[in-house]
Participant: 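My structure is below; once you've seen it, I'll send some questions.
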Amino acid sequence: MTAMDNLLFITWNPDLFAFHLGGFGVRWYSLCWCFALLAAYVLVQRLYRQQHIADKLFDPLFFYCFVGILVGARLGHCLFYEPGYFLAHPLEMILPMRQTANGWTFTGYAGLASHGGTIGLMLALWLYVRKTKLNIMRVLDNIAIATPASAMFIRLGNLMNSEIIGKPTDVPWAFVFERVDMLPRHPGQLYEAICYFVFLIAGYVLYHKYPQKVGTGFYFGFCLTTIFTARFFIEYTKEVQEAWEAAMPINMGQILSIPFVLLGAYCMAGGKLCRKLGEPR
């Protein structure tokens, strides 16, 4: 690669830490997760108030979502991508630490899978509606309208971490992730973040045009279909996360996306189960 070639690409090597408080550093990745949770909190609270749902029914929602997403995303990464290691080291699934030759070392949760987080969120919302007696399709639709905002911030966190990198490419917007290597690569994280921003705007436009569809599962289906269809195709630009995926015709992220796309299409079409669980029209 010549010096002139380098000018065509974006050199990417940001500091891992957004700021420090004394000896404690706050990583960009952690900050992006905070923004993701805050965005979801603010947007869903606004939707609840627009739909005249009592604040006391909203208050426990954040706890259920936070726990469900974190536990699901962590277990999803451990069981979908590194089952051999984590089944042999089960404590490391739940502790933000890793056992090394020098003893236990704090690593944070270095591995979270969006598919697992989605499953965890759906289970958490099922528990939430059992407690609050709200209609499950209304809750799913409201969460789904806000979800792309959270997904966007999480992918921006991956970008700041220089992780989930793309395959080598010569496109002029390629990123050179200096912490990885000096090859220009697809910024797959940025592709996803841009898609999720577009889906967020589209979802809100649809919501304001068709508010009566909240409670039918339509917006839940729209969210699943758009996000995981985009994820499926963007995976073609990414490096595989684990070496064993290299021999597969499609990778694990794509395999896990297919059921969510099918479920989303079913919900958007107003499937029988959605009509049964949805609010009476």
Participant: Distance only, no hydrogens: is a donor on one side chain within 3.5 Å (strictly under) of an acceptor on the other, for E192 and N158?
Facilitator: no

Participant: Just how far is it from atom CG of L183 to atom CZ of F175, taken to the nearest 0.5 Å?
Facilitator: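 One gets 15.5 Å once the value is rounded to the nearest 0.5 Å.
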
Participant: Counting heavy atoms not belonging to R179, are there more than 12 under 6.0 Å from its CZ?
Facilitator: yes

Participant: Supply the atom-to-atom distance C65 SG to L37 CG, rounded to the nearest 0.5 angstrom.
Facilitator: 9.0 Å

Participant: When the ring planes of H77 and F86 are compared, do they come out parallel, tilted or perpendicular, using 30° and 60° as the limits?
Facilitator: perpendicular

Participant: Applying a strict under-4.5 Å side-chain criterion to I, L, V, M, F, W and Y, I'd like to know whether I10 and V171 cluster together.
Facilitator: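 Result: no, two separate clusters.
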
Participant: Determine yes or no for a side-chain-to-main-chain donor-acceptor pair under 3.5 angstrom, with W173 supplying the side chain and P187 the backbone.
Facilitator: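 No: the side chain of W173 does not pair with the backbone of P187.
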
Participant: Measuring only between side-chain heavy atoms, which start at C-beta, is M182 closer than 4.5 Å to V176?
Facilitator: yes

Participant: Taking all non-hydrogen atoms of both residues, which atom of I119 and which atom of F260 are closest, and how far apart?
Facilitator: CG1-CZ, 3.7 Å

Participant: Under 4.5 Å between side-chain heavy atoms, counting indirect links through other Ile/Leu/Val/Met/Phe/Trp/Tyr residues: same cluster for Y191 and M152 or not?
Facilitator: no

Participant: Side-chain contact test, heavy atoms from C-beta onward, threshold under 4.5 Å: evaluate it for K276 versus K272 and give yes or no.
Facilitator: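 Counting from C-beta outward, K276 and K272 never come under 4.5 Å.
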
Participant: Kindly compute the distance separating CG (L61) from CG (D55), expressed to the nearest 0.5 Å.
Facilitator: 12.0 Å

Participant: Step by step, would you call F35 with L156 a side chain to side chain contact (heavy atoms under 4.5 Å, CB included)?
Facilitator: CA-CA 10 Å; F35 284 139; L156 290 176; over 6 Å; no

Participant: Looking only at non-hydrogen atoms, find the nearest pair between F218 and D141 and report the distance.
Facilitator: N-OD1, 3.5 Å

Participant: Is the CZ atom of F63 crowded by more than 12 outside heavy atoms at less than 6.0 Å?
Facilitator: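 At most 12 heavy atoms, drawn from other residues, nucleotides or ligands, come within 6.0 Å of this atom.
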
Participant: Closest heavy-atom contact between F199 and F222?
Facilitator: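 Of all heavy-atom pairs spanning F199 and F222, the closest is O-CE2, 4.0 Å.
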
Participant: Just verifying a value: how many Å separate L263 CG and C274 SG, rounded to the nearest 0.5 Å?
Facilitator: 7.5 Å

Participant: Grab the two heavy atoms, one from G188 and one from I234, that are nearest each other, plus how far apart they are.
Facilitator: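 Where G188 meets I234 most closely, the heavy atoms are O-CG2, 3.9 Å.
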
Participant: Judged by atom type as modelled, is there a donor-acceptor pair below 3.5 Å linking the side chain of R155 to the main-chain atoms of L190?
Facilitator: no

Participant: Identify the two heavy atoms, one from G217 and one from M137, that lie closest to each other, and give their separation to 0.1 Å.
Facilitator: CA-CE, 3.3 Å

Participant: Tell me, do Q51 and N142 make a side-chain contact under 4.5 Å, heavy atoms counted?
Facilitator: yes

Participant: Around F17, counting heavy atoms of other residues, nucleotides and ligands shown, do more than 12 lie under 6.0 Å from its CZ?
Facilitator: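 More than 12 within 6.0 Å, yes.
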
Participant: Out of curiosity, S150 OG to W33 CH2, how far, rounded to the nearest 0.5 Å?
Facilitator: 8.5 Å

Participant: Could you check whether any side-chain N or O of T229 sits under 3.5 Å from a backbone N or O of T226, counting only pairs where one atom can act as donor and the other as acceptor?
Facilitator: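 The answer is no, because no donor-acceptor pair under 3.5 Å joins these two groups.
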
Participant: Quick one, N161 and W28 - any side-chain contact, counting heavy atoms below 4.5 Å?
Facilitator: no

Participant: I'd like to check C32 versus I154 (side-chain heavy atoms, cut-off strictly below 4.5 Å). Are they in contact?
Facilitator: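 When only atoms from C-beta onward are counted, I154 and C32 do not touch, as no gap falls below 4.5 Å.
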
Participant: Are R185 and F9 close enough that some pair of their side-chain heavy atoms sits under 4.5 Å apart?
Facilitator: no

Participant: I'd like to know whether M93 forms a side chain to side chain contact (heavy atoms under 4.5 Å, CB included) with L79, so could you lay out the CA-CA distance, the side-chain angles of the two residues, the decisive distance to 0.1 Å, and finally the verdict.
Facilitator: CA-CA 9 Å; M93 288 191 197; L79 299 177; 3.8 Å; yes

Participant: Taking the ring of F58 and the ring of Y41, is the distance between their centroids below 6.0 Å?
Facilitator: yes

Participant: Does one hydrophobic cluster hold both I164 and I194, with members joined at side-chain heavy-atom distances below 4.5 Å?
Facilitator: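 Different clusters.
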
Participant: Could you walk me through whether L134 and Y128 pass side chain to side chain contact (heavy atoms under 4.5 Å, CB included), step by step?
Facilitator: CA-CA 8 Å; L134 285 171; Y128 166 75; 3.5 Å; yes

Participant: Would you say Y266's side chain and L273's backbone share a donor-acceptor pair under 3.5 angstrom?
Facilitator: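 Checking the backbone N and O of L273 against the side chain of Y266, a donor-acceptor pair under 3.5 Å is found.
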
Participant: So do the side chains of L43 and L200 get within less than 4.5 Å of each other, counting heavy atoms only?
Facilitator: yes

Participant: Would one find more than 12 heavy atoms of other residues, nucleotides or ligands at under 6.0 Å from atom OH of Y210?
Facilitator: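 No, OH of Y210 has 12 or fewer neighbouring heavy atoms, counting only those of other groups under 6.0 Å.
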
Participant: How about M122 and T118: do any of their side-chain heavy atoms sit closer than 4.5 Å?
Facilitator: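 In short, these two side chains touch, coming nearer than 4.5 Å.
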
Participant: Report yes or no: does R275 contribute a side-chain atom to a donor-acceptor pair with the main-chain N or O of G270 at less than 3.5 Å?
Facilitator: yes

Participant: Can you confirm whether more than 12 heavy atoms, excluding those of F66, are under 6.0 Å from its CZ atom?
Facilitator: no

Participant: Under a single-linkage definition using a 4.5 Å side-chain heavy-atom cutoff for Ile, Leu, Val, Met, Phe, Trp and Tyr, are L123 and I136 assigned to the same hydrophobic cluster?
Facilitator: yes

Participant: Does K213 reach the main-chain N or O of Y219 with its side chain, forming a donor-acceptor pair under 3.5 Å?
Facilitator: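 It does not hold such a pair.
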
Participant: Let me know which of L277, L140, V139 forms a side-chain contact (heavy atoms from CB on, under 4.5 Å) with V129.
Facilitator: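 It is V139, the one option of L277, L140, V139 that forms the side-chain contact (heavy atoms from CB on, under 4.5 Å) with V129.
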
Participant: Could you tell me which non-hydrogen atom of M252 sits nearest to which non-hydrogen atom of F80, and how far apart they are?
Facilitator: CE-O, 3.8 Å

Participant: Does T225 use its side chain to pair, donor to acceptor, with the backbone of A265 at less than 3.5 Å?
Facilitator: yes

Participant: If you round to the nearest 0.5 Å, how far is CG of L121 from CG of L70?
Facilitator: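 If I round to the nearest 0.5 Å, the distance is 12.0 Å.
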
Participant: Please report the C-alpha distance between I165 and Q189 in whole Å, then the side-chain angles of each, then the deciding distance to 0.1 Å, and finally whether the side chain to side chain contact (heavy atoms under 4.5 Å, CB included) criterion is met.
Facilitator: CA-CA 7 Å; I165 60 172; Q189 321 94 319; 4.3 Å; yes

Participant: Should W126 and L57 be regarded as members of a common hydrophobic cluster, given that ILVMFWY residues are connected when their side-chain heavy atoms come within less than 4.5 Å of each other, either directly or indirectly?
Facilitator: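 As far as the 4.5 Å side-chain criterion goes, L57 and W126 are connected within one cluster.
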
